[in-house]
Amino acid sequence: MLDTMFFYMFALLAVAGAILTITMRSAVHCAISLIASLAGVAGLYLLQKAEFLFAVQLVLYIGGIMVLFLFVIMLVNLDSAAKERQFHRRWAGGAVAAVLAGASALWLLSKGAPSFGSPVAQAAPSPDGNVEQLADLLFRQYLVPFELASLLLLVAIVGSVLMAKKRTS
Amino acid sequence: MPPELTQLLPASVPLSWYLVLSAILFSLGIAGFLFRRNIITVFMSIELMLNAVNLTFVAFSYHLKQVDGHIFSFFVMVVAAAEAAVGLAIILTVFKNRATLEIDEVSSMKL
């Protein structure tokens, strides 16, 4: 009951933020609406007992990526762009594509709904919390992907610095 | 409580609600990706789509009582961070070279 009410609240926040993100005129307003949407999804993570992902969503997405976005928006001057047309001339085709994608996803969901089954009965509640379970899995079974991810981040750091630095020629 | 209200407010949230919400968020991301002319907003729409997929992973993870989905979601976030760093650097370079961020005018990488 309380869960459901919180679900409605966070879902409303996420969807309203998403709609404002794709319709607002100024890029800064878009970024702030996206932060609201991400916060709504973070609340949904908490509702599904994913405490670690909740924290990562707040720290990495909202605190890291979105602040980076805001910095870049401040670096590029978008005052003139905000006055121009925001949507493509052929936006109708895009609308049809988006509606088709959503409708096909919903249709597949309704087709596959019986195979979801009833939720697995909570066997024995694990004594560890969510973070401990995740750490166990991440550093044992998923150790190689974890190391590859660190390598990917290193390459991304070097690449972005190389790309954004001033040409000295 | 009347039966309509119990249908709207069940004791626990069913899996399908999360999946439908995630489909809606993903479609909004697609719409933004296809509609907008500003590169930065297009990029934000991509983040919106990645986020919708993460929500699906976590919903199934909660439904099946396994934390593997959280790990996938975590890796998606790592890739999103790397993508944001490189993508925003590209946007800065494009803006420095052309002084515009309209995607119609940036149709080729070479000047």
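Everything numeric in this text was worked out from a predicted model, so none of it was measured. Lettering of chains follows the sequences in order, A, B, ..., and the numbering in each one begins at 1.
- Proximity to chain A (any heavy atom under 4.5 Å) is shown, for B:Asn54, by both the backbone and the side chain.
- In this structure, the portions of A:Leu134 lying under 4.5 Å from any heavy atom of chain B include both its backbone and its side chain.
- Between B:Leu88 and B:Phe43, some side-chain heavy-atom pair lies under the 4.5 Å cut-off.
- The contact between B:Leu15 and chain A is made entirely by side chain atoms (from C-beta outward), counting heavy-atom distances below 4.5 Å.
- Nearest approach of A:Ala14 to A:Ser37, heavy atoms of both residues: O-OG, 3.1 Å.
- In terms of non-hydrogen atom pairs under 4.5 Å with chain A, the most contact-rich of B:Thr41, B:Asp68, B:Ile24, B:Val78 is B:Asp68.
- Going from atom CG of B:Leu92 over to atom CG of A:Leu75 covers 5.5 Å, rounded to the nearest 0.5 Å.
- Contacts of B:Leu25 with chain A are made by side-chain atoms alone, with heavy-atom separations under 4.5 Å and no backbone atom involved.
- Ranked by heavy-atom pairs under 4.5 Å with chain B, the first of A:Val99, A:Leu148, A:Leu34, A:Ile19 is A:Leu34.
- With a 4.5 angstrom heavy-atom cutoff, A:Leu100 does not touch chain B via any of its atoms.
- Contact count against chain B (heavy-atom pairs under 4.5 Å) is highest for A:Gln48 among A:Gln57, A:Met24, A:Gln48, A:Lys49.
- Contacts between A:Asn130 and chain B at a heavy-atom distance below 4.5 Å involve the side chain alone, from C-beta outward.
- Distance check, rounded to the nearest 0.5 Å: CZ of A:Phe69 to CD1 of A:Ile35 gives 10.5 Å.
- Interface check for chain B: of the options A:Ala50, A:Ala105, A:Gly64, the most heavy-atom pairs under 4.5 Å are formed by A:Ala50.
- With a 4.5 angstrom heavy-atom cutoff, A:Leu60 touches chain B only via side-chain atoms.
- Between B:Phe57 and B:Phe72, the ring-plane angle classifies as tilted under the 30° and 60° cut-offs.
- In this structure, B:Val79 and B:Phe75 have side chains that are not in contact, with every pair of non-hydrogen atoms separated by 4.5 Å or more.
- For A:Ala156, the parts sitting under 4.5 Å from any heavy atom of chain B are the backbone and the side chain alike.
- Hydrophobic clustering (side-chain heavy atoms under 4.5 Å, transitive across Ile, Leu, Val, Met, Phe, Trp, Tyr) groups B:Phe33 together with B:Leu101.
- For A:Tyr61, the part sitting under 4.5 Å from any heavy atom of chain B is the side chain, from C-beta outward, and nothing else.
- Atoms OG and CG, on A:Ser33 and B:Leu48 in that order, are 10.5 Å from each other to the nearest 0.5 Å.
- B:Val58 and A:Leu13 are assigned to two separate hydrophobic clusters, defined by single-linkage of ILVMFWY side chains at heavy-atom distances under 4.5 Å.
- Each of B:Ala59, B:Ala52, B:Ala84, B:Gly87 has some count of heavy-atom pairs under 4.5 Å with chain A, and the biggest count is that of B:Ala59.
- Put simply, A:Val41 and B:Ile46 are part of the same group of oily side chains (I, L, V, M, F, W, Y) that touch within less than 4.5 Å, one to the next.
- Neither the backbone nor the side chain of A:Ser110 comes within contact range of chain B; no heavy atoms are under 4.5 Å apart.
- Contact count against chain A (heavy-atom pairs under 4.5 Å) is highest for B:Ile71 among B:Ile71, B:Leu21, B:Leu34.
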- request: Check the pair A:Leu20 / A:His29 against side-chain contact (heavy atoms from CB on, under 4.5 Å), numbers first and verdict last.
  value: CA-CA 8 Å; A:Leu20 287 180; A:His29 293 168; over 6 Å; no
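- Contact annotation for B:Ala80: both backbone and side-chain heavy atoms come within less than 4.5 Å of a heavy atom of chain A.
- Using a 4.5 Å cut-off between heavy atoms, A:Leu109 touches chain B through its side chain atoms alone.
- Criterion: ILVMFWY side-chain heavy atoms under 4.5 Å apart, direct or through other members. Under it, A:Leu162 and A:Leu152 are not part of a common hydrophobic cluster.
- Among all heavy-atom pairs drawn from A:Ala42 and A:Leu58, the shortest one is CB-CD2, 4.3 Å.
- Residues of residues 2-9 of chain A placed with any heavy atom under 4.5 Å of a heavy atom in chain B are listed by number as A:Asp3, A:Thr4, A:Met5, A:Phe7, A:Tyr8.
- The line from CZ of B:Phe35 to CG of B:Leu28 is 9.5 Å long, rounded to the nearest 0.5 Å.
- With rounding to the nearest 0.5 Å, the separation of CE in B:Met44 from CD1 in A:Ile73 is 4.0 Å.
- When heavy atoms are compared at a cutoff of 4.5 Å, A:Leu38 approaches chain B by way of both its backbone and its side chain.
- Using a 4.5 Å cut-off between heavy atoms, A:Ala31 touches chain B through backbone and side chain atoms alike.
- Cluster membership for A:Leu46 and B:Tyr62, using ILVMFWY side-chain heavy atoms within less than 4.5 angstrom, is not shared.
- With a 4.5 Å cut-off on non-hydrogen atoms, A:Phe52 touches chain B through its side chain but not through its backbone.
- In this structure, chain A has no heavy atom under 4.5 Å from any part of B:Glu83.
- A distance of 8.5 Å separates CE of B:Met77 from CD1 of A:Ile65, quoted to the nearest 0.5 Å.
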